[in-house]
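This report concerns only the one structure given below.
Note on naming: letters A, B, ... go to the chains in the order of the sequence lines (proteins, then strands), and numbering restarts at 1 for each one. The structure displayed is predicted, hence computed values, not measured ones. Because only heavy atoms are used, hydrogens play no part in the values below, and waters and symmetry mates are left out as well, while side chains stay in.
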Amino acid sequence: MTFVITSDCIDSKDRSCTDQCPVECIYEGERMLYIDPDECIDCGACAPVCPQGAIFRDDQLPESLRGFEEINREFIEAIDEVPIPGNLYADHPRVAAAPPAASP
Amino acid sequence: MTSNQTEGTDCTLAVVGAGPAGMYAARAAASSGRFSAIDVIEALPAPYGLVRYGVAPDHPETTRVAKVFDRAFDLGQVRFLGNVAVGRDLTHGDLIRHYDAVLYATGVSAGRRLSIPGAELRGSVSSAEFVSWYSAHPDAVSYPPLERVRKVVVVGGGNVALDVARLLVSPADALGRTDMPDDVLAVLSASGVREVDVLVRKGPGETRYSPVVLRELADLSGVSLVVDGRDVDAVGDATGLTRTAQDNLQTFRAWSETTDTSPTRTLRFRFWTRPTRIVGEDRVEAVQAIAERPGAMARQVLHRTDLMIHCVGFSADGADWLPGSLEAGVMRNVEGRVQSADGGPILGVYVAGWLKRGPSGTIATNRIDAEETVARILEDLDSLPRRADRSDLVDKLTAQGVAVTSWSGWREIQEAERVLGQRRGAATTKLQDRQLMVAAAHRARESQV
């Protein structure tokens, strides 16, 4: 079980979740944040603090956001070295190609 | 690297307390590269504080945060000195003689009770006492006689209250695979508890429960969740609430609209209810409270109960071996620099975690908190008076006859617990007895020789 960050994080990146993660498994792309599914301990501290409501446990992902499970995993796998919290990495290609989020 | 920093790498740090705050502090200090030695001194034979003795046993995923703490000990300069209690085996004076800086992260472990008449009656216990029991703390007092208990009142609007209430209504077979010791499981299996009432001072739109944990109560088989719809309706406009509060309100609303037909156990939330007195001859018989739902007349209510568990916080009161002074149950400090009673800083002495800011936040709150304190230590380090005694504290402790448990000793305790767990099909079962833990840890030392 893991938590997954989804589309409402794109172009928002509030980062409140990173302060809540006890294992620092949330990493930053240019346009959104991603959770390392292998490091995540499933504690649930991140989800309630996200002002966008963008974080879900994998078994509670809305059907339309299912693809983000793969997006989070593949983003982490694409980082060559050991990822460092706070560093900026290239987005998952599907996120990089997403249309700009409408400003609130 | 400047010459100051080169000098600085000879510095030593004692971290007292191996809970989350102490471990995050040790990790931050180690990664600064400014210390040649960091000793994590822990009163219990096992590390990780509330991760081991506070996180509910049916939520083992949270305990996996330990893997981050394990890594701190893999860094060469961090040592674990378990089974060493400041105030029992050594003094604060010993620490400042042996280390350049001392950081206290011993938490606030004294359980508070409501200060109302009757709080001292038999059957009125603090969450600290109850949680210590089910999490197999070596110093826990004997178990509550749950086989004679039918009804329990739990007071509190935080996650501890939620954990305690859940453990009391959970079917015993669901707990068999946790790391609880056999005698704790036996008591819970024989439990006569049928009803648990959670009394919350505020409304269903103001709770701080972790939303996922609250929602998951619905997964417990045979448990009926009861919320009065009038409590939910009285909340009114929910737009200004935090996301956590809104999530929880939604959960409570759903529960208020359903009724379970044949429950084995009932878990009821009573909001806007403030206990005023515990009634009983020589033991708890009932809790008297004022129910003051907005828009309704306040009324006095009486809830019969066999056991009352106060989940209303903790304090450091009673830890008279601590330097500095306590204020509102925590150590007087500025950003982690410990202050004396008259307000000046006590040089070289620091604090992190609950002892610094009080019992609040999640595990990760201690990371940010501990990193702040370590940043202050690093600022001060070059100007601190150097330690007077360069000998190894462990030699002094060993000469005193203290059975220090090392990092490899802790690994040996874990191995013993794994073997114990396998006998009943659990991944691990905790050793509770301090002597057994120390003996298990000691085997490592013998096999190393």
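- Neither the backbone nor the side chain of B:F69 comes within less than 4.5 Å of any heavy atom of chain A.
- Between A:I41 and B:E61, the closest heavy-atom pair is O-CB, 3.1 Å.
- Counting only heavy atoms from C-beta outward, the side chains of B:R64 and A:V23 never approach each other to under 4.5 Å.
- Heavy-atom pairs under 4.5 Å with chain B peak, among A:G53, A:C43, A:P48, at A:P48.
- Counting all heavy atoms, side chain and backbone alike, B:A364 lies closest to A:D19 at CB-O, 3.6 Å.
- With a threshold of 4.5 angstrom between heavy atoms, B:V212 approaches chain A through side-chain atoms but not through N, CA, C or O.
- Without hydrogens or angle criteria, B:R367 side chain to A:Q20 main chain gives no donor-acceptor distance under 3.5 Å.
- Summarising the local packing, CD of B:Q414 is surrounded by more than 12 heavy atoms from other residues, nucleotides or ligands at distances under 6.0 Å.
- Around atom CZ of B:R215, more than 12 heavy atoms belonging to other residues, nucleotides or ligands sit under 6.0 Å away.
- Of the two parts of A:E39, the backbone and the side chain both hold a non-hydrogen atom closer than 4.5 Å to a non-hydrogen atom of chain B.
- The choice from B:T362, B:V65, B:T242 that makes the most heavy-atom pairs within less than 4.5 Å of chain A is B:V65.
- For B:T62, the parts sitting under 4.5 Å from any heavy atom of chain A are the backbone and the side chain alike.
- Taking a 6.0 Å sphere around CZ of B:R411, one finds it holds more than 12 heavy atoms contributed by other residues, nucleotides or ligands.
- Shown here is A:R73, whose CZ atom has no more than 12 heavy atoms of other residues, nucleotides or ligands within 6.0 Å.
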